[in-house]
Amino acid sequence: MTPQPEERQQSGTAPADRGHGPDATCVLVLNSGSSSVKYQLIDMADGSRPAAGIVERIGEDASSLRHVPQDGEPRETVRRFADHGEALSAVAAELAADGLGLDSPRLAAVGHRVVHGGQRFTEPTVVDDEVLAEVERLVPLAPLHNPANLTGIRTARELNPELPQVAVFDTAFHTTIPEYAARYAIDVETADAHRVRRYGFHGTSHAYVSRRTAQLLGRDPADVNVIVLHLGNGASASAVAGGRCVETSMGLTPLEGLVMGTRSGDLDPAVVLHLHRVAGMDMDAVDDLLNKRSGLVGLCGDNDMREIRRRIDAGEDDGHGGADARRARLAFDVYVHRLRKYLGAYVAVLGRVDAVAFTAGVGENSAEVRAAAVAGLEVLGLEICPERNAARSREARLVSPEYARTAVAVVPTDEELEIAAQAYRLVTG
């Protein structure tokens, strides 16, 4: 069965100058970063991945491209890729070598991850010059991400001007948040003039996981309320009522909300003023502190939950629990405490919660985080079965006991499939 995107994201206008025959079932998903390009070719007819790969360290002498065809040995190219144009040209050549180049009749579209779509882009959008100009206008809201996303789109357009390019926005799923939840309590004129409001991020993951959780329960997404906890190096929570996001933890930027690998998440905004006035830190230094030297790495020096748990366990095993283990334990406890606060808050927002879904690197792989996050929350209907929780699997699964009032699920995210599904449905009508 071909995966389908959310109903609310199905509208849009596909280009009239490219027909889509029965063989055009593939979507090339591109995620262009500042110095990298990740890609997957997904066949929407059966969900298979004919090819995938990554170009890293673009602009450096030691650039590399790793291409992994579905039915063949991985191929690696190590040479300088001066810019995204060279990198994407090399990707196109690798795909062509597998018979699936950008001019292949099997290719229906290129789906691009775009981090920030502001309030305008509420669904996947076929890219034209006007769309490019608007995404460019949003660069101040995502200065690290939107420029790289734009470069990927422009380069792909140049390589095949007739191939539909579809932008799928991280923020789009969260545009259903009510105005009272999206607004910050600051002067309205100032907020509107500078587009200050809650936008939210990781939207493709939250959309996919909330819908997949409903499927796991055997229910229609429109009838299910889900709290999604996307816990990777970046982390965010969302409250999804009947398939529509009504609250999310990230705000104007991806800095707000949960404790993350290197980001602080929530803090008193006066901390910024205090550090400026008392510590003499300028805005660039504060920005670097909160985004790159905070979160888990700021608390204990590690942003890998596996290493943090190893340090905790080593301290418990030696019976001493030295400073290294204590710092790791503090980081873990701060992380989980913030997570539990959001769980409780989103239960209050939704009123009825049918499931809590853990996803992304930490959410999918750390049984300790899942157990600690719901420990003692039986009053909210949340329990975990230790045996189910400890069992490792790559499949979506329930880790709550059969009798639990609220399901607790582990649902591996698939943002690439979500982007491909949204792009494919848009261009094929």
Side-chain angles (χ1 to χ4, degrees), residues 38 201-202 205-206 208-209 213 227-238 248-250 254-267 289-318 321-344 346 356-377 382 384-400 408-415:
K38 299 177 184 177
F201 300 89
H202 296 145
S205 178
H206 287 280
Y208 176 85
V209 171
T213 302
I227 297 173
V228 178
L229 301 173
H230 177 107
L231 308 179
N233 192 49
S236 61
S238 68
T248 192
S249 58
M250 286 179 168
L255 181 60
E256 189 180 359
L258 303 176
V259 175
M260 303 175 223
T262 65
R263 299 179 199 144
S264 66
D266 293 341
L267 80 166
L289 170 69
L290 299 183
N291 278 290
K292 298 179 180 179
R293 298 189 290 115
S294 295
L296 293 173
V297 78
L299 289 166
C300 73
D302 270 310
N303 64 340
D304 188 325
M305 186 58 72
R306 294 167 297 186
E307 179 62 18
I308 291 171
R309 286 303 317 179
R310 186 201 65 76
R311 289 166 56 182
I312 293 171
D313 294 342
E316 292 173 349
D317 289 344
D318 68 19
D324 187 63
R326 287 197 300 271
R327 285 190 66 187
R329 168 56 71 180
L330 174 64
F332 183 85
D333 289 347
V334 171
Y335 184 94
V336 169
H337 177 70
R338 186 79 54 82
L339 198 53
R340 289 165 61 85
K341 283 176 65 176
Y342 269 89
L343 263 177
Y346 285 6
V356 173
F358 289 86
T359 193
V362 175
E364 294 169 26
N365 296 299
S366 178
E368 296 91 345
V369 167
R370 296 192 297 264
V374 303
L377 298 182
L382 292 169
I384 275 185
C385 170
E387 292 77 18
R388 288 182 174 183
N389 190 42
R392 298 189 67 84
S393 173
R394 293 184 178 181
E395 301 299 318
R397 63 200 186 276
L398 296 179
V399 295
S400 48
V408 179
V410 179
V411 180
T413 191
D414 197 334
E415 295 175 84

Find the distance between OG (S294) and CG (N303) and round it off to the nearest 0.5 Å. 12.0 Å
By the salt bridge (Lys or Arg N to Asp or Glu O under 4.0 Å) test, which pairs, at least two apart or in different chains, include something from residues 293-307? D288-R293, D302-R311, D304-R306, E307-R310
Once side chain to side chain contact (heavy atoms under 4.5 Å, CB included) is applied, do any residues pair with V369, and if so which ones, sequence neighbours excluded? L231, M305, F332, Y335, L339, V362, S366
When you compare the side chain of T359 with that of L229, does any pair of heavy atoms fall below 4.5 Å? no
Is the closest side-chain heavy-atom distance between D266 and R338 below 4.5 Å? yes
Verify whether one side chain among H206 and S238 offers a donor that lies under 3.5 Å from an acceptor in the other. yes
Spacing of CG belonging to L330 relative to NE2 belonging to H337, to within rounding of 0.5 Å: 11.5 Å
Supply the atom-to-atom distance D313 CG to R329 CZ, rounded to the nearest 0.5 angstrom. 8.5 Å
Identify the two heavy atoms, one from E364 and one from P412, that lie closest to each other, and give their separation to 0.1 Å. OE2-CA, 3.2 Å
Using the test ring pair (Phe, Tyr, Trp, His ring centres under 6.0 Å), find all partners of F358 that sit at least two apart in sequence or belong to another chain. none
Do the non-hydrogen side-chain atoms of V399 and C385 ever get within less than 4.5 Å of each other? no
Non-hydrogen atoms of V209 and A357 that approach each other most closely: CG1-CB, 3.8 Å
Please check if any side-chain donor atom of H202 sits under 3.5 Å from a side-chain acceptor atom of T413, or the reverse. no
I need the minimum non-hydrogen distance between L343 and A373, along with the two atoms involved. CD1-O, 3.6 Å
Among L398, V356, V408, L377, find the one that has a side-chain contact (heavy atoms from CB on, under 4.5 Å) with I384. V408
How close do A409 and T213 get, heavy atom to heavy atom, and via which atoms? CB-CG2, 4.5 Å
Taking all non-hydrogen atoms of both residues into account, name the closest pair between N389 and A371 and its distance. ND2-CB, 3.8 Å
Can you measure from CZ (R370) to OG (S400) and round to the nearest 0.5 angstrom? 11.5 Å
What pair of heavy atoms forms the shortest contact from V410 to G363, and how long is it? CG1-O, 4.2 Å
Working to the nearest 0.5 angstrom, can you tell me the gap between R340 CZ and D333 CG? 10.5 Å
T262 OG1 to L290 CG distance, which is reported to the nearest 0.5 Å: 10.5 Å
After noting the C-alpha distance and the side-chain angles of V297 and K292, does the key distance pass the side-chain contact (heavy atoms from CB on, under 4.5 Å) rule? CA-CA 8 Å; V297 78; K292 298 179 180 179; over 6 Å; no
Give a yes or no answer on whether the side chain of R263 reaches the backbone of V259 with a donor-acceptor pair at less than 3.5 Å. no
Quick one: do the S205 and E415 side chains pair a donor with an acceptor below 3.5 Å? no
Hey, does the side chain of T248 reach the backbone of A237 with a donor-acceptor pair shorter than 3.5 angstrom? yes
